[in-house]
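Shown next, in structure tokens, is the structure this report addresses.
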Amino acid sequence: MSERTTVHRSGDEELYRTMRLVRRFEERAIELVGAGEIVGGIHPYIGQEAIAAGVCAALRDDDVITSTHRGHGHVLAKGADPVRMLAELTGRATGLNQGRGGSMHAADFGRGIYGANGIVGAGGAIATGAAWAHRNAGSDRVTVSFFGDGAVNQGVLLETFNLAALWRLPVLFVCENNGYATTLTVAQAVAGSITARAAAFGIPAVTVDGTDARAVLAAATEAVERGRAGGGPSFLECTAYRFDAHHTWEHKARVRYRADDEVAAGRSRDPLDVQAAHLAEGVRAAVDAQVEAVLAEAVAFALASPPPDPAGALDHLYATGLRTRNGIGLVEPAADPLHQAAAHVPAEVR
Amino acid sequence: MSERTTVHRSGDEELYRTMRLVRRFEERAIELVGAGEIVGGIHPYIGQEAIAAGVCAALRDDDVITSTHRGHGHVLAKGADPVRMLAELTGRATGLNQGRGGSMHAADFGRGIYGANGIVGAGGAIATGAAWAHRNAGSDRVTVSFFGDGAVNQGVLLETFNLAALWRLPVLFVCENNGYATTLTVAQAVAGSITARAAAFGIPAVTVDGTDARAVLAAATEAVERGRAGGGPSFLECTAYRFDAHHTWEHKARVRYRADDEVAAGRSRDPLDVQAAHLAEGVRAAVDAQVEAVLAEAVAFALASPPPDPAGALDHLYATGLRTRNGIGLVEPAADPLHQAAAHVPAEVR
Amino acid sequence: MARLSYLKALQRALADEMARDDTVCVLGEDIGVAVNNVTTGLLARYGPQRVVDTPLSEQAFTSFATGAALAGLRPVIEFQIPSLLFLVFEQIANQAHKFSLMTGGQARVPVTYFVPGSGSRSGWAGQHSDHPYGLFAHVGVKTLVPATPEDAYGLFLTAIRDDDPVVLFAPAGSLGVRADVDLAALGPVPLGVGRVHRAGTDVTVVAVGHLVQAALDVAEQLADQISVEVFDPRTLYPFDWAGLAESVNRTGRLVVVDDSNRMCGIAGEILAVAAEEMRLTVPPKRVTRPDGAVLPFARELDLAVQPQADQLLTAVQEVFKASR
Amino acid sequence: MARLSYLKALQRALADEMARDDTVCVLGEDIGVAVNNVTTGLLARYGPQRVVDTPLSEQAFTSFATGAALAGLRPVIEFQIPSLLFLVFEQIANQAHKFSLMTGGQARVPVTYFVPGSGSRSGWAGQHSDHPYGLFAHVGVKTLVPATPEDAYGLFLTAIRDDDPVVLFAPAGSLGVRADVDLAALGPVPLGVGRVHRAGTDVTVVAVGHLVQAALDVAEQLADQISVEVFDPRTLYPFDWAGLAESVNRTGRLVVVDDSNRMCGIAGEILAVAAEEMRLTVPPKRVTRPDGAVLPFARELDLAVQPQADQLLTAVQEVFKASR
Ligand SMILES: Cc1ncc(C[n+]2csc(CCOP(=O)(O)OP(=O)(O)O)c2C)c(N)n1
Ligand SMILES: Cc1ncc(C[n+]2csc(CCOP(=O)(O)OP(=O)(O)O)c2C)c(N)n1
Ligand SMILES: [Mg+2]
Ligand SMILES: [Mg+2]
């Protein structure tokens, strides 16, 4: 592992810190959904924290990720500010996306987070194109695309495996197999195996225990190093169990698709406990307290932040600042004077 | 092989007859393109005749196929009337599709030919859905989907492999690997191998010499019998060389992508010669003469047939006979009084 | 008379058609447990041969339905998100829609594509809030947007029985609408026949989907000043041009309210035909989403991008006041 | 002055931009050997890093271009068939188009999608003959349809330099158009600025793409009876409403000719805006493809479904004769 890649998040304590941050972020977010402060609900990441933490600990700050509808874990683990992230979820002008994206589109381009995505399987090709741009620019940056088990049935993702393999691109495909795509089990949805799909394109594909952050980190590190060294794409299937609902609407409208004892068994192996076992006496409690403070600040900041001004509803519709007609046929001036200058331009490539 | 499946086209002579019919049909069609009688050109099937002949010889009349942009071979081998087929290519009212489809959409539902298709990879899911309908209706019909090597990079086809495998449907995927997708070689386009893509979904996948009709027939028969018996989908990669242009436009605008000696080598193994070697003395000449007569009739019939009446340009736009506005905003009555009754209703399912 | 919700009407229509015709089958994601409350109970009743929980392979299962339809079935596909119709646009517009003409009438593709919850569901943001009915009308796929429980029932029936591909949008804003209906009188609603929900003499308001309720509210609010006729096309394609002409030729004044993008949307088409063929006495108006709209997440912004009742009210007043 | 064909203008524009800006790259099928004669010579000059022959994976390479654009490149994608844009509608309309707004302006997606040979190429039949520009205008993706060699050059440049996704249609009927141009004066053409090809005072004809030539022919034929102004919007979205208003407010009479489906097409939008905002003195008309058109194969049928010059001529005469 080169020195530059040994980032601060890869120690046992930091892995645990990331996981705890994600866990408590989700728990607070679920409360805010219940309180009506987060509109539209969320897809909680609880139970899968070791995957985001382990994979992102193998990355440099300038590496890139694409995420999913269940994206909070990835976004936080890649280093987005939890305070601005929560402001985004609560639809505030101070949010990562100025309140324009919400849970399913949270992004932080400055940290290589090319966004959560509302369409299953859509991030893979985007990640692979970014990896290609970086490679062609002579950079050794690596891109990671996270997706669920449901995504391996999406044509565009399978097409993407071919492009990545054909052109030996520095991309790591991380499939989070949490057993379900909403209510459909992997057995009902996937003929053959998940790793076989990537392997068919000649992509090295392994399965790791996605509840063990150390194991995930080790596997991801190997894959990321291979990509950085020009060895092409890799595929990692990380198994875990989704502790909570597919989406918070399930909290109200209970749909029956998982037996109670299955859920209990799934929850019995908590990835946070697995990781905490590696910590010295007292560390867990100290980290937990730090995380609590961060989240208290995040909630306070989010709730105190102003909502966006409706006059700017169409700001950023076009990166060039083009204004077209509104719903009654008028062309309004941009409410946000910065609308032309805000786009992120990656320095390395241009 | 059950008695019903031993169709008349599966003997050596009949295999040769089918191949010869396809070959000469294509050669006559190319002449008609040059003469301006076939507008828009064709994708010649020359060099691949053993594949259509061998696969279709394994099928019953009530089995179903979907075809491609390079579809004449499949359509003829499955039993469409060459006379009405040529009338279709020349855009006549007497054509299989009443002149509405042309080369890329020729269909004959009465013979289970669900149509050539202008979009690469599009037939696979259609074939698989038909196989599902038949299976659920208690029929033992099998469906074959033909496609080229280029199609294994289409997401929808890869998705379809999963559905077919998951639901164990009686469908045979036939990939005609003729070395090129237009100008792109298989090596440039396909990471891993073609058969590995199907195998990844648990579909039995084999490669056969697609210039040897007997070999194709044997492999197809095994796969078709498996499907008929409830054994699920199969995948057959048939290798061959495209003797002629990707499309007849190449005859005018030469694009360089195949070396002359490669083309010469490819053409040196002619599937018609391979199959003719199995025929008794004199048989080849006799069959050739019969085919010549059929095609002479086809050309004469096509050229003598009337073009469709422009007043009926929108006939069949809707199966229900719905008429909507034409290009100047008027609703014209149907020119074809049969427009409501023409749809093919498969008796077995309804 | 029974109280029927729009959502229950959809549920009932599908159940009734499956009982009546055993070639009707339904495919979609999570329809076994009926996450959208339309396919409730069907898996238990009809089994996995007719009620198919699909993997997340929208393109494949959409053309799979085409193949099944060509082989004689009448598949219904439930899509969880309106923008999934973008993903299968090739399969609907370029395959299913074209089979009949391209085969010279040999084939028909009776598939119903339906989206329970189209348009904005607050907080679902940019990729889950589209209302792409205009796209289907443009390519010529039959496009239905029922606004009431009776029409939800009747148009769903009609869609399933139709021999062509049909897209049915059930706007999120309509799912909760309730009405007192005579269950025995429910039946198919013909394509291309609009419905006048409220008669009026001064201004014709054409409203699509959930905006029919908004239009009725506005009409009521203005009742003492302006007599508003509320016309619901019910099926956008084919469209009831004759029915609309009857109304507009009487009122001479037209406002359209439509929750889809302005540019090349259904509202524009309606204004165009009115300008071409009807006796407008003053310039017509439309209230729509903006050009190229992407719905922002925050509630304030999301609402600001959807057509609002007060905009409609203003437009009606302006059209009424405009001099001939 | 040099004689420049439309096709050569496209070729030159792409070559010039690749030379000027090394973040410009091009992806597509068979572009290495340049089957469409636009990417001619580029592979040899710039190598496979910037000129990428892609497998038949349109969805993946379209979003791949989005990713590359997010990382700082300016990809251009050549599509062999107009209906391939149906196949990638999700990737353009739901991904590339929405990134800027959904990320609150963090991201931009400067990708150009271009189709050399849109509309009917005789004999290519139902799935190869579409003109789906209206779909992109509806969802709000910048949509360009140049009609002349200069505009093909200038708008291709503009598309590539634009920071948003842009779709450029080069109609099959335009590729052979030639003009005498001053090569040194060629340059970018702004979005949303139409062009009056022929000035006139009686009737404004708006023509899109290759139909500009047809409109000019009709104008010439009618020259001794009717003074026809031919307005070419050049960019359908954004549209030059002000430019059109200037013309229509002068003539008071409007005919639109457009080779796309009637329902919810660009011609309808133009009529709608004219009815709302311009001083029409008589009802406007449009000549288009039929509703829901699928182009039949046989030449006679194919032609019967496309808008014809004689239909335009009749429409202009009718609008001219109509009483105020
Ligand atoms: C292409 C697509 N199809 C359907 C949906 C609706 N949907 C959202 S999440 C989801 C399940 C995804 O399952 P998986 O990929 O396993 O991820 P998980 O939710 O388990 O994290 C579905 C069906 C969607 N967003 N995109
Ligand atoms: C989805 C799609 N992409 C591109 C095209 C344009 N096109 C037509 S045939 C062809 C090559 C197909 O190659 P292959 O599948 O190997 O079949 P072959 O032509 O060799 O028979 C291409 C690129 C198309 N028709 N459909
Ligand atoms: Mg999952
Ligand atoms: Mg090939």
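FYI, side chains are in, hydrogens and waters are out, and symmetry mates aren't considered; it's all heavy atoms of this structure. Predicted model only: the values in this text are computed from it and were never measured.
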- Test C:Thr103 against B:Phe109 for side chain to side chain contact (heavy atoms under 4.5 Å, CB included), laying out the working first. CA-CA 9 Å; C:Thr103 62; B:Phe109 276 70; 3.9 Å; yes

- Give a yes or no on whether the backbone of B:Leu96 and the side-chain of C:Gln106 come within a donor-acceptor separation of less than 3.5 Å. yes

- Between C:Asp164 and B:Ala319, is there a donor-acceptor pair closer than 3.5 Å when you use the side chain of the first and the backbone of the second? yes

- Item | Donor on one side chain, acceptor on other, B:Thr324 and C:Tyr237, under 3.5 Å | yes

- Item | Segment of B:Ala313 engaging chain C (4.5 angstrom heavy-atom cut-off) | backbone

- Can you list the steps and then say if B:Ile126 with C:Phe64 is a side chain to side chain contact (heavy atoms under 4.5 Å, CB included)? CA-CA 5 Å; B:Ile126 294 170; C:Phe64 181 96; over 6 Å; no

- Query: Looking at B:Ala106, B:Ala107, B:Gly102, which has the largest count of heavy-atom pairs under 4.5 Å with chain C?
  - Reply: B:Ala107

- Examine whether an atom of B:Ile113 lies under 4.5 Å from a heavy atom of chain C, and if so say whether it belongs to the side chain, the backbone or both; otherwise answer neither. neither

- Item | Engaged part of B:Ala127 at the chain C interface, taking heavy atoms whose separation is under 4.5 Å | neither

- Are B:Arg100 and C:Met102 side-chain neighbours, meaning at least one heavy-atom pair lies under 4.5 Å? no

- Message: Is B:Leu317 in contact with chain C via its backbone, its side chain, both, or neither, using a 4.5 Å heavy-atom distance?
- Response: both

- Using non-hydrogen atoms only, which part of C:Val109 is less than 4.5 Å away from chain B: side chain, backbone, both, or neither? neither

- Item | Nearest-0.5 Å distance that lies between atom CG in C:Asp22 and atom CG in B:Asn136 | 11.0 Å

- So what's closer than 4.5 Å to chain B heavy atoms on C:Glu90: side chain, backbone, both or neither? side chain

- Query: By a 4.5 Å heavy-atom criterion (distance strictly below it), what part of C:Gln95 contacts chain B: side chain, backbone, both, or neither?
  - Reply: side chain

- Would you check, one step at a time, whether the test side chain to side chain contact (heavy atoms under 4.5 Å, CB included) holds for C:Asp162 with B:Thr320? CA-CA 7 Å; C:Asp162 197 274; B:Thr320 55; 3.7 Å; yes

- Query: Given a strict heavy-atom distance threshold of 4.5 Å, which part of B:Leu157 is in contact with chain C: side chain, backbone, both, or neither?
  - Reply: neither

- Does the gap between the ring centers of B:Trp132 and C:Phe61 come in under 6.0 Å? no

- Heavy atoms of other groups near C:Arg195 CZ, more than 12 under 6.0 Å: yes

- Item | Worked check of side chain to side chain contact (heavy atoms under 4.5 Å, CB included) between B:Trp167 and C:Val52 | CA-CA 10 Å; B:Trp167 300 332; C:Val52 187; 3.6 Å; yes

- Checking heavy atoms, do the side chain of C:Lys142, its backbone, both or neither come under 4.5 Å from chain B? side chain

- Evaluate whether atom CZ of C:Arg279 has more than 12 neighbouring non-hydrogen atoms of other residues, nucleotides or ligands under 6.0 angstrom away. no

- Message: Can a donor-acceptor pair be found, under 3.5 Å and without considering hydrogens, that links the side chain of B:Thr160 to the backbone of C:Ala60?
- Response: no

- Ion pair check, B:Arg325 and C:Glu277, cut-off under 4.0 Å: no

- Query: chain C heavy atoms under 4.5 Å from B:Asp108: which part of the residue, side chain, backbone, both or neither?
  - Reply: both

- Item | C:Ala71 to B:His134 - nearest heavy-atom pair and separation | CB-NE2, 3.8 Å

